[in-house]
Student: 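Sharing a structure with you now.
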Amino acid sequence: MTTHLLEGLNEAQREAVEAIQGPLLIIAGPGSGKTRVITHRIAYLVRTVGVSPHRILAVTFTNKAAKEMKDRLQRLVGTQANDLTVGTFHAFCASVLRRHGQHVGLESGFSIFDDEDQMELIKAAMEEAEVDHKQFPRRSIQGVISRAKSVLLDAQGLAMQQRSYFEEVSARVYARYEELLAQNNAVDFDDLLLKTVFLFRNTPEVLRRYQERYVHLLVDEFQDTNVVQYTLAKLLADNYRNICVVGDPDQSIYSWRSADIRNILNFQKDYTDAKTVTLDVNYRSTGTILDAAKGVIAANRHRLAKDIRTSREEGSPLIVHEAFTEAEEAQYVIQQIDRLVRDDGIKRSDCAVMYRVNAQSRALEEACLRHGMPYRLIGGVRFYQRREVKDVIAYLRLISNPEDQVSLTRIINKPPRGIGQRSVDQLVHWARSQNIPLHSALELVCEDRTEDKPASHPLAPRAAQAVFGFVTLMRNLREESGRLDAVDLIDALLDRTGYQAYLRSSPDDWEERWENVLELRSAAGEFRDLGHSEGLTTLLEQVALVADVDSYDEATDAITLITLHQAKGLEFPVVFITGMEEGLLPHIRSMDSPEELEEERRLCYVGITRCMDRLFLTRAFRRGIRGSSGPTIPSRFLQEVPPHLIKSAKPIGQKRTVWSTSKAPTLEQEEKTVPVFKTGDKVSHATFGEGLVVSYAGRGQDSEVTVAFSGGAGVKRLMVSYAPLEKVEG
DNA sequence: CAGTGGAGGCTTTTT
DNA sequence: GCCTCCACTG
């Protein structure tokens, strides 16, 4: 531990590390050594100033960021790092609520509902509030509720806003939804934050404990915090006022999740004595890449101007490539990576392929498989959301929280044990009419069964018998959970339920599913040393709050496929941004709102600035969107990159180069240039060679021609207006 | 009661 | 194209 903590830092960085007294706002441009500053600041507090690590709280946006920060701190302060509190807002709040939840009506062992559980409950709430799900999509209602929660609005508050009929209906569902959550002894993601704020507001003595403990508070990715999170931060910092927030307004890309850029402005208003440090030297990207990024972001009107300088050389030009279809775009990407690996000694793990929407990963994956390119797909279907994994988790959740109806109804007949949908419905309605929780209703069914009275419940004898079997199973498991650790408990329930046989009986991919169950089991092994009940709650919390299993090892030499959003905070020597098309980037859903369009631009900016050395921007002439496919228009962001930075990969026999046209061609021009073919014409294509026209359909720029190529390219359907196609005379 | 198949709806980003 | 819901069948 001989490193001098201020060594190797530039002036601004050093200032940010040393300004430990009072509020501090760090505006950190991309690649400006932000993480370095945060970790060194914490290390400086611990090692130089002598602050106990126990009294420092650092909040990050993702679990991954938290993990990385912990790792780095480990290197800087050694084992003392274990005493630091580093985590996401959600994880921090969960631990507060575990301890003090009773003040806001939560019993120990409360469940944390994920998206899917939440939707189940909203569905039930809508039914009970008699809201038609065809007229009011669940998803939209969920969105309204979530947005309300993230600005500290309860159902009543939402109803009082009276902004639209839709919100009014949503407020009704919201109210019922809250009752159901309470009945389930459960919270959703937003509640973790919201309830913690309520807890702190209503129970000053609890707040005071945290306020007094944490002398220093750091918030990373501040531009992506929402109102609740900022409120929480302010509450926590109220005592010592040593609050340091780090962010970059140009990288704010989560406003759709209620993140509020205005937090940065509000910070300066709320803490008038705040010091501001700007980190504006970029150590990551070449001059060319940075200029490209600056060109794009400069087009945003609502923006605090900020100039970033590079510390690096100019570097090689950007490569813009226009492929024909998404498949060829993917193929181009893979081929380029192959070439870079072969000729330039670049590692596959240095390469990232980014895209706007997850659906784009498909073509890329297929290309990887075809070319034998090892890849790592970030995101996709989450491990903990797989059906079989969630089933086992539901058992565990029900063991630790009997009130959890969502879990109960999920597994009451899994594996099938003779309690079908009809019986479940009857039970739910009966419980509701008797005004008792569902699990109590089940208990009553069992008691009734043993006595000889006429049954007071609505179940058929056979179903009642099945319920008895289930209740007994759960009773036993719950009782044993006190003696068993999480792994043994999982074993017990798998064994008792015959879960493996159940998996085996149905789909053909049961082996993979069983593997997943075993992986959950081994994840549970991590918590073996904790007490039995604590181990279980910790496991369940981990499962709820950790998005992806950190099972990928950095060591494997594979390329990374990742969405632009998820790429935030990462860097790669080689970056491909694919799908540079209007409608994708910017996304079609953002195109009619100037604010959202600016966020798309920031997203593009984030993507570009992830790149250290070589940047490729690609698009496809034709892209399939849910089944059908059609021609595309180049992204406006391509035109915002200064043209002199770009080297065209291959203009594919095109007359115009899309990135240099300042405007898309008018329909008129387009009509004129579109050639007309008829069946039987001989044609020549720049890539596919010669062929014969099989059919011709449509008119103007929408004309589509089907050509059978002789050179092995086979039969292709092409857009006449885009395809480099010429009629061959004779 | 459970499993199958067809019809219809939907589709951004994620703690 | 994928998923969900529903009705029908075994």
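Lettering follows sequence order; numbering is per chain, from 1.
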Student: It should be established whether A:Asn413 places a side-chain nitrogen or oxygen under 4.0 Å from OP1 or OP2 of nucleotide B:dC1.
Tutor: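 Answer is no, no contact under 4.0 Å.
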Student: Please report the distance, rounded to the nearest Å, between CD1 in A:Ile412 and P in B:dC1.
Tutor: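 So the CD1-P distance, A:Ile412 to B:dC1, works out to 11 Å.
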Student: OP1 or OP2 of B:dG9 less than 4.0 angstrom from a side-chain nitrogen or oxygen of A:Arg139, does that happen here?
Tutor: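 It does not, given that no N or O in the side chain of A:Arg139 lies less than 4.0 Å from OP1 or OP2 of B:dG9.
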Student: Closest to the A:Arg257 side chain: B:dT13, C:dC2, B:dT15?
Tutor: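 Side chain of A:Arg257 sits closest to B:dT15.
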Student: How many whole angstroms separate atom CD of A:Glu595 from atom P of B:dT12?
Tutor: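 Taking CD of A:Glu595 and P of B:dT12, I get 20 Å after rounding.
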Student: Find the distance A:Arg589:CZ to B:dT12:P and express it as a whole number of Å.
Tutor: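 Result: 5 Å.
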Student: Report which part of the nucleic acid A:Arg138 touches: base, sugar-phosphate, or nothing (heavy-atom distance under 4.0 Å, all strands).
Tutor: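 Sugar-phosphate: the residue A:Arg138, judged by heavy atoms under 4.0 Å, touches backbone atoms but no base.
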Student: Donor-acceptor pair under 3.5 Å: do we get one between A:Arg356's side chain and the base of B:dT13?
Tutor: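 Looking at the base of B:dT13, it does pair with a donor or acceptor on the side chain of A:Arg356 (distance under 3.5 Å).
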Student: As a test of reading the structure: which of C:dC5, B:dG3, B:dT14 is closest to the side chain of A:Lys123, going by heavy atoms?
Tutor: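 Taking heavy atoms from C-beta onward, the closest nucleotide is C:dC5.
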Student: May I ask you to test the A:Val606-A:Pro30 pair for a side-chain heavy-atom distance under 4.5 Å?
Tutor: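 Answer no - side chains too far apart.
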Student: Kindly indicate whether the side chain of A:Trp256 and the base of B:dT12 share any N or O donor-acceptor pair separated by less than 3.5 Å?
Tutor: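 It does not, because no donor-acceptor pair links the side chain of A:Trp256 to the base of B:dT12 below 3.5 Å.
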Student: Between B:dA2, B:dT12, B:dT15, which one does the side chain of A:Thr88 approach most closely?
Tutor: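 Looking only at heavy atoms from C-beta outward on A:Thr88, the closest nucleotide is B:dT15.
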Student: Is the phosphate of B:dT12 approached by A:Asn358 (side-chain N or O, under 4.0 Å from OP1 or OP2)?
Tutor: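 So the side chain of A:Asn358 is outside the cut-off, no N or O lying under 4.0 Å from OP1 or OP2 of B:dT12.
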Student: Please find out if less than 6.0 Å separates the ring center of A:Tyr210 from that of A:Phe200.
Tutor: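 That pair passes the under 6.0 Å test.
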Student: Between A:Tyr355 and A:Thr563, does any side-chain donor sit less than 3.5 Å from a side-chain acceptor?
Tutor: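 A:Tyr355 vs A:Thr563: no donor-acceptor pair found between side chains.
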Student: If the cut-off is 4.0 Å, is A:Gln566 near the phosphate of B:dT14, judged by side-chain N/O to OP1 or OP2?
Tutor: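 Checking A:Gln566 against B:dT14: at least one side-chain N or O falls below 4.0 Å of OP1 or OP2.
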Student: May I ask you to establish whether A:Lys149 and A:Phe189 are in a cation-pi arrangement, using a distance under 6.0 Å from NZ or CZ to the six-membered ring centre and at most 45° from the ring axis?
Tutor: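 No.
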Student: What's the CE-P distance between A:Met119 and C:dC5, to the nearest Å?
Tutor: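 Taking atom P of C:dC5 as the reference, CE of A:Met119 is at 10 Å.
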Student: Under 4.0 Å, heavy atoms only, any strand: does A:Phe61 hit a base, just the sugar-phosphate, or nothing?
Tutor: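 The residue A:Phe61 makes sugar-phosphate contact but no base contact.
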Student: Rounding to a whole Å, what distance do you find between A:Ile562:CD1 and B:dT12:C1'?
Tutor: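 Those two atoms, CD1 and C1', are 15 Å apart.
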Student: Does A:Thr563 place a side-chain N or O at less than 4.0 Å from the phosphate oxygens OP1/OP2 of B:dT14?
Tutor: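 Looking at the OP1 and OP2 atoms of B:dT14, one of them is under 4.0 Å from a side-chain N or O of A:Thr563.
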Student: Hey, does A:Gln118 have a side-chain heavy atom less than 4.5 Å from the side chain of A:Tyr177?
Tutor: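 A:Tyr177 vs A:Gln118: side chains touch.
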Student: Aromatic contact between A:Tyr499 and A:Tyr395, with the criterion being ring centroids under 6.0 Å apart: yes or no?
Tutor: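 Not under 6.0 Å, so no.
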Student: For B:dT12 and C:dC5, measure between their C1' atoms and round to the nearest Å.
Tutor: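 It works out to 24 Å between them.
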Student: Using the benzene-type ring in the case of Trp, are the ring centres of A:Tyr230 and A:Phe222 under 6.0 Å apart?
Tutor: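 Centroid distance A:Tyr230-A:Phe222: below 6.0 Å, so yes.
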Student: Name the nucleic acid region contacted by A:Ser423, choosing base, sugar-phosphate or nothing; use a 4.0 angstrom heavy-atom cut-off, strictly under.
Tutor: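 The residue A:Ser423 makes sugar-phosphate contact but no base contact.
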Student: Rounding to a whole Å, what distance do you find between A:Lys67:NZ and B:dT15:P?
Tutor: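 Rounded to whole Å, this separation is 15 Å.
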Student: Tell me which nucleotide among B:dT14, B:dT12, C:dC2 gets nearest to the side chain of A:Tyr254.
Tutor: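 Nearest listed nucleotide: B:dT14.
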Student: Mapping A:His587 and A:Thr62 to their closest nucleotides on DNA chain B, which lands nearer the 5' end?
Tutor: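 Result of the comparison: A:His587.
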Student: What nucleotide among B:dT15, B:dT12, C:dC5 has an atom nearest to a side-chain atom of A:Glu600?
Tutor: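 The listed nucleotide nearest to A:Glu600's side chain is B:dT12.
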Student: Rounding to a whole Å, what distance do you find between A:Tyr230:OH and B:dT15:C1'?
Tutor: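 Going from A:Tyr230 (OH) to B:dT15 (C1'), I get 21 Å.
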Student: Taking atom C1' of B:dT15 as reference, at what distance in whole Å does atom CD1 of A:Ile253 sit?
Tutor: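 Rounded to the whole Å, the gap is 13 Å.
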Student: Answer yes or no as to whether B:dT15 has its base stacked against A:Phe189, where stacking requires a ring-centre separation under 5.5 angstrom and planes under 30 degrees apart.
Tutor: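 It does: the ring sits over the base of B:dT15.
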Student: Find which nucleotide of DNA chain B each of A:His90 and A:Gly420 is nearest to by heavy atoms, and output the residue with the more 5' nucleotide.
Tutor: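 Of the two residues, A:Gly420 wins.
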